[in-house]
Structures are given as C-alpha cells and as structure tokens.
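Remarks on the structure that follows.
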Protein chains: 2
Amino acid sequence: MNEMANPAPDYETALREAGMRITRPRRIILAILSEAGDHPDAMEIFRRAVEIDRGISLSTVYRTMKLLEGIGAIHRHAFEGGPSRFEPAAGDHHDHLIDIDTGDVIEFQSDRIEELQQEIARALGYDIVHHRLELYGRRRRRK
Amino acid sequence: MNEMANPAPDYETALREAGMRITRPRRIILAILSEAGDHPDAMEIFRRAVEIDRGISLSTVYRTMKLLEGIGAIHRHAFEGGPSRFEPAAGDHHDHLIDIDTGDVIEFQSDRIEELQQEIARALGYDIVHHRLELYGRRRRRK
DNA sequence: ATGCAATTGCAAATTGTTTGCAATTGAAGG
DNA sequence: CCTTCAATTGCAAACAATTTGCAATTGCAT
C-alpha cells in the first residue's frame, strides 16, 4: 500500500561510485533504462539503443545489465517462457502480475504476504534471502 | 503448511487415457518419476534412465516431460539459475522453498497466501491462471 | 501376423546469454 | 592538452538448455 514515484535513478553516479567508467554505450543504455516505463528484455533494450547509436552491440547490453544488476541498480526478472526482463531497482520492493495475453507487467505489493513468507520460512528453519512471487493472469472480462 | 504423502501416480493409465503409446523408454522414465523423492531435472532423469537402458536419448526425456506436462501429470519448475526441474503432479498444490546452498526443495502451502493473491489479482482486474511463489533461503544456523 | 502412424535416436537447429580477443577509449597524471 | 594503460567494446564463436527434422523402429489395433 504505497505509491511509487520513479525518481529517475542516477545511474551514472552509481556506476562512478562502483568504480566503473562512463562510456558512450553505457550512457545510452542507462538513458533507456531510466526512461523505460515497462520491463524490457535485453533485445528490446538493444533495439532502442541501436536507434540512438547504430554501433552498439548486444553483448554490451548484456554486459551492462549484469553490471548494473551486480551493483544493485536494476533487477532481473526471469518470467515464464521468455528472456530475462529488467527494471530499475529504484522504488520499493514489489512483486509482479503478468498479463499472459499481452506480456504486460503490473507491480503490486503486499506486506501481509511478505510477513507470511517470513513465518513460513522461519517455521521451516530457513532465512529468506530473496523470493519470487509472480501471478500469471488474464484480464477479467467485464460484461 | 502440511505434509504430503506421495501415492505413486498411475502414469501409464493416464498416458493410455490420453491416447498415447506405452513404449519402453516411457515406461522407464515414468518409473523414475514415480520413485523420485526429489525434483530432478531432465539431465538427471536421463542419467537415471540410462542406467536402466543404455539406449535412451535425452530428447526422449524432454519429449516425454513435455507430454506429461501437457496432460497435467507432472509440473515443471524453472527455479532460478538452473534447468527446469520436474515433479509428479499428484498431491495438493504447494509452493517451494529452495535451499540456495544445497539446491534442496522444500514444499509448503499456505491457504492464507493463496487467498491474498486472489484478492490482489481481483483488485487489479485479473483472474489468476497460475502463479509462482518461490522462497530462496539459507538454513538458519541454530546456535 | 500385418500395417501404419506414433515414437525413437541422432544430429543439427534454436534461443538466450556469455566469452575470447584484438582494437578502441575513458580518465588519471603529467 | 597529451600520454598512457587498463577498462571497455564489437564481433564472432562458444555455451547451456531445449527443440526439431528425419529416417529407422515399434506399439498396437486389426
């Protein structure tokens, strides 16, 4: 139960602080990410990047994604039956509802579910490192 | 949370009813599945199968898995960072807690969480077709 | 038994992602 | 600014998981 402003995350600073160089390909990819309202996959990011600089390679997209994931700047989601999709890590934690017809991703959050997960893990003798909760659904036909 | 007896499912009958032939490779794979207490991946099933009949091919394992999945006899789980793993569909619905150190899979079930998922989807205008809830954790060190 | 479509094994194709390598380039220091 | 050099890039090839084409084999309904 919360709103989620998306304060275009300052990737460049984050990268600098992690000791990495700001290159042209990276700058372009970062721009694409901060503008993305959806959850694009590597190929889609690549397509958008090529439109800005024809020289960019898919490998660089993948490498940059891994890098950003490594410093915690983005999250990678391996939804069912498709390539990994990415989203800026800015904002609160949330889970995903995937529209199985369109591929659209809707974010949601439930403190109650998180609590229950903790309880369950604890009861089984585990500490949760992370979790994955994805609902795959179809838009309800309102008639 | 609950325990789960595993009443060796009658795959052969299920296959017959689906109009499929009972071949030697299939019989072997089915036997492996009904004996499996774990959640083996295709390669592991293949290894176990080869031990019974050296002639079996990995493609056949994959094809048979897809078939069984199709008739709802098994479930496929694509846990993070590894190949798909399979389990007999017999027994109640449950979710999974994956031990990130050992790969062990622990099954659990929470009606409350299922309810909350329904509520959430409904509130967003969706019907849930299926869902995926996986907890990735580490055994708590008891001191 | 017989016949034929279903199934198999094998190799090659696909998909998503990673990697080796030689060429390029950011950025720190003079 | 100019040099220097490791970090980064593009490209092609390598990879891992899974699927597929095809010719040979085999269930199983007659």
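Each chain gets a letter, A, B and so on, in the order the sequences are listed, and its residues count up from 1.
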Next on the checklist: Base, sugar-phosphate or nothing for Arg63(A)? Non-hydrogen atoms, less than 4.0 Å.
Outcome noted: base
Checklist entry - Within this structure, what is the CD-to-P distance between Glu44(A) and dG16(C), rounded to whole angstrom? => result 13 Å
Next on the checklist: With a 4.0 Å cut-off on N to O distance, would you call Asp101(A) and Arg138(A) a salt bridge?
Outcome noted: yes
Checklist entry - With no hydrogens and no angle check, do the side chains of Glu134(B) and His77(B) hold a donor and an acceptor under 3.5 Å apart? => result no
Checklist entry - In whole angstrom, what separates Arg24(A)'s CZ from dG26(C)'s C1'? => result 14 Å
Checklist entry - Between Arg26(A) (CZ) and dT24(C) (P), how many Å, whole number? => result 19 Å
Checklist entry - Can we say Arg48(A) and Asp41(A) salt-bridge, meaning some charged N sits less than 4.0 Å from an Asp/Glu carboxylate O? => result no
Item to check | Heavy-atom contact window of chain B on DNA chain D, given 5' to 3' at under 4.0 Å | outcome: dA17(D) to dC28(D)
Checklist entry - Looking at His130(A) versus His75(A), is the centre-to-centre ring distance below 6.0 Å? => result no
Checklist entry - Only one of Ile106(A), Ile113(A), Leu97(A) clears side-chain contact (heavy atoms from CB on, under 4.5 Å) with Ile120(B); which? => result Ile113(A)
Checklist entry - Could you walk me through whether His131(A) and Gln118(A) pass the side chain to side chain donor-acceptor pair (under 3.5 Å) check? => result CA-CA 10 Å; His131(A) 69 112; Gln118(A) 287 298 338; over 6 Å; no
Next on the checklist: Students often get this wrong, so: under 4.0 angstrom with heavy atoms, is Gly82(A) touching a base, only sugar-phosphate, or nothing?
Outcome noted: nothing
Item to check | His96(B)/Phe79(B) aromatic ring centres below 6.0 Å | outcome: yes
Next on the checklist: Between Glu119(B) and Arg122(B) (salt bridge meaning N to carboxylate O under 4.0 Å), is one present in this structure?
Outcome noted: no
Checklist entry - Has Tyr62(A) got a side-chain N or O lying under 4.0 Å from the OP1 or OP2 atom of dT17(C)? => result yes
Atom pairs, protein N/O to nucleotides 27-30 of chain C N/O, distance under 3.5 Å:
{"from": "dA27(C)", "atom 1": "OP1", "to": "Ile22(A)", "atom 2": "N", "distance (Å)": "3.0"}

Checklist entry - Rounding to a whole Å, what distance do you find between Glu69(A):CD and dT18(C):C1'? => result 14 Å
Checklist entry - Are Glu107(B) and His39(B) close enough, and set up right, to give a side chain to side chain donor-acceptor pair (under 3.5 Å), and what steps lead you there? => result CA-CA 11 Å; Glu107(B) 306 177 351; His39(B) 296 65; 3.2 Å; yes
Item to check | Residue mapping more 5' on DNA chain D - nearest nucleotide basis, Val61(A) or Arg76(B) | outcome: Val61(A)
Checklist entry - When you match Arg85(B) and Ser59(A) each to their closest nucleotide on DNA chain D, which lands nearer the 5' end? => result Ser59(A)
Next on the checklist: So, does Lys66(A) get its side chain near the phosphate of dT17(C), meaning an N or O under 4.0 Å from OP1 or OP2?
Outcome noted: no
